[in-house]
2 protein chains.
Amino acid sequence: MLDPVSRVRRFNRAVTSAVGALDTSFLGRGRPLGAARVLNAIGHGRSDVGEIRDYLGLDSGLMSRLLRSLEDEGLIETQVHEDDARRRVASLTGAGKREFAAYEDLSNSQAEGLLARNSQREVLLAAMDLIASALTRDRIALNEMDPRSDEARHCLAEYYAELGRRFKQGFDVSLSRDPDAKDMRRPRGSFIVAMSDTLPIGCVGLKGTDHGYAEIKRLWVAPSARGLGLGRRLMDNAEEAARSLGIALLRLDTNSALPEAGQLYRTTGWREIPRFNDDPYPDLFFEKRL
Amino acid sequence: MLDPVSRVRRFNRAVTSAVGALDTSFLGRGRPLGAARVLNAIGHGRSDVGEIRDYLGLDSGLMSRLLRSLEDEGLIETQVHEDDARRRVASLTGAGKREFAAYEDLSNSQAEGLLARNSQREVLLAAMDLIASALTRDRIALNEMDPRSDEARHCLAEYYAELGRRFKQGFDVSLSRDPDAKDMRRPRGSFIVAMSDTLPIGCVGLKGTDHGYAEIKRLWVAPSARGLGLGRRLMDNAEEAARSLGIALLRLDTNSALPEAGQLYRTTGWREIPRFNDDPYPDLFFEKRL
DNA sequence: GAATATATCTGACTAAAGTCAGATAATGCT
DNA sequence: AGCATTATCTGACTTTAGTCAGATATATTC
């Protein structure tokens, strides 16, 4: 009753019935679940028939028939793929878009209902983020992105907020040497965002300089995704990006108020060096030769 | 992407695929899910055919056929109910018990696998408890139980541990006036445990005295179940129990280090009175006339 | 004791999901 | 050019789930 496994199983039972309720509301639109799932996959931007089939785990015969039934309803259209005439791409018609929007409304109002019933919204959301990250840890994708993208800006805002909480004196970006976005774009550098499904949960920047080395900046992992080895994966990716840019020497600065970061650097081949800049926040400096 | 509704939906997607994986592993035992669910319901102690049908939401014809197929496999036996010969009760045979145990192993190892892949076990479990309580808030049952039962003892142990954390001077049960279990049993008093599925998530004791009043003791709500209005429900139940025992006056003591408790009492008809005992821990005293 | 209600079962269905063996057409490889 | 491979489709299935109208036996109510 109280052991960890029972607690996980209680959680499973609770969410199974919540998930079942959403399926029931989908059925309320008068279409079998299989067809509804295909329609929603297309609505969410999956156009390639083979991709949808893989994503939903469907047999090709079944997939074909579901597409036909959605076509008969006038909700989708299919065309041959422009690069490969064997493949087909599906898209929503006007009616399909309206129908997809109706499913979206159902999903959204289920989510809103769940939040509205609960007085501790933020606590509940944090718990959901944590669990979603843990369950999908094998599907976390590391993507090179523009440091000005919404995803990157979200990560940076969270990163600054966390420094503000953890540094005794707080943190003010304008006092720090905020890296220029163009230094973290190819060919000078890179910016990598870890995405779990649609949520950015971590980032790292590789900032090119004119001093014969590049710097690692803004390494951040969302609290809900800690303990999954994501920091190390991000650093590995950043080093890989540096190698691909022909960079042979990396440096970074950090603060002893972030002990888990220092620990990570020390165990992955970085060595401590003397201060190499005059930024007021860092008190620890590292270097790694690739 | 970052708004609350998207976060809930990301959680739903993550959990849906984890749940789907368990269903797939159940199918691996070569039996349709419907039959597997009935077998598991019986294994978990639901013997009455009608009860299983309600629990699983099955049509009576379908239910009957699933029972027949499990009987044909030699996994269950059915008998007429001893009090009502229209009803039937199902029970596992030896082979059925082994098969049920195999399903239990699948569920347990899925749960263990989920925990093992994560380094922050306790954080993850706390998040799961919180979500399970929030999702099943409408199904929280308040049961009168023996204060010596496992469920009650679990609640009390958690309650003492929390007092230890929240009182500056810590908390030692042996210094407090620990109520005698028989004073919290009918006909002297009562003890109520809030159960969410199999997990005890709150309690309250009604302790009979010989001084013309009864005392409310050990009001506790699990951290994972706060914000659901459970404290108030427990208190309402305790008052109801007091009325049914013919008790007209209630008293309680509490500590100002537990402000949410004091707040609850003040908004539900309790009025502050002078100290009425010499327990070293409380510093606030209340009374309510029923 | 007769009428009504309840619990389960059986037979006869339908719908949905899934499987599998080709058919067809386009592409990739040598 | 010829052959193997790939993506999709079609036809002919099976299995699973679910529905519904009685049939049967037992309980409850007046």
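Heavy atoms only: backbone and side chains are in, while hydrogens, waters and symmetry mates are out. Since we're looking at a predicted model, the values are computed, not measured.
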Short side-chain to backbone donor-acceptor contact, Arg87(B) and Glu82(B), under 3.5 Å: no

Passing option when Pro200(A) is tested against Glu151(A), Met145(A), Arg153(A) for side chain to side chain contact (heavy atoms under 4.5 Å, CB included): Glu151(A)

Nearest-Å distance for atom pair CG/C1', residues Leu66(A) and dA15(C): 13 Å

Residue Pro32(B), side-chain heavy atoms: nucleotide from dA16(C), dT10(C), dA17(D) that is nearest: dA17(D)

Mutual orientation of the aromatic rings belonging to Phe26(B) and Tyr103(B) [parallel < 30°, tilted 30-60°, perpendicular > 60°]: tilted

Atom-pair distance (CZ on Arg31(A); P on dA15(C)), nearest Å: 17 Å

Interatomic distance, Asp23(B) CG vs dA17(D) P [rounded to whole Å]: 11 Å

All N/O contacts under 3.5 Å from nucleotides 11-14 of chain C to the protein, with atom names and distances to one decimal?
| unit_1 | atom_1 | unit_2 | atom_2 | d |
| --- | --- | --- | --- | --- |
| dG11(C) | N7 | Arg65(B) | NH1 | 3.1 |
| dG11(C) | O6 | Arg65(B) | NH2 | 2.8 |
| dA12(C) | N6 | Arg65(B) | NH2 | 3.3 |

Listed once per pair and sorted, the salt bridge (charged side-chain N to carboxylate O under 4.0 Å, His left out) pairs that draw on residues 187-203 of chain B, sequence neighbours left out: Arg13(A)-Asp197(B), Asp183(B)-Arg188(B), Arg188(B)-Asp210(B)

Nearest-Å distance for atom pair CZ/P, residues Arg68(B) and dA7(C): 17 Å

Modelled atom types, side-chain donor and acceptor of Ser69(B) and Arg31(B), under 3.5 Å: no

d(CG, Leu58(A); P, dG18(C)) in whole Å: 7 Å

Interatomic distance where CZ belongs to Arg37(A) and P belongs to dA16(C) [whole Å]: 13 Å

Phe191(A) six-ring face occupied by Arg185(A) cation (under 6.0 Å, within 45°): no

Neighbours of DNA chain C within residues 75-92 of chain A, by heavy-atom distance under 4.0 Å: Asp84(A), Ala85(A), Arg86(A)

Note: Asp84(A)-Arg86(A) ion pair, threshold 4.0 Å (strictly below): yes

Whole-Å distance separating the CG atom of Leu67(A) from the P atom of dA17(C): 14 Å

Side chain to side chain donor-acceptor pair (under 3.5 Å) between Thr78(B) and Arg88(B), intermediate numbers included: CA-CA 6 Å; Thr78(B) 56; Arg88(B) 315 214 88 207; 3.0 Å; yes

Leu33(B) CG to dA16(C) P, straight-line distance once rounded to whole Å: 19 Å

Arg7(A) and Thr198(B): side chain donor to acceptor below 3.5 Å: no

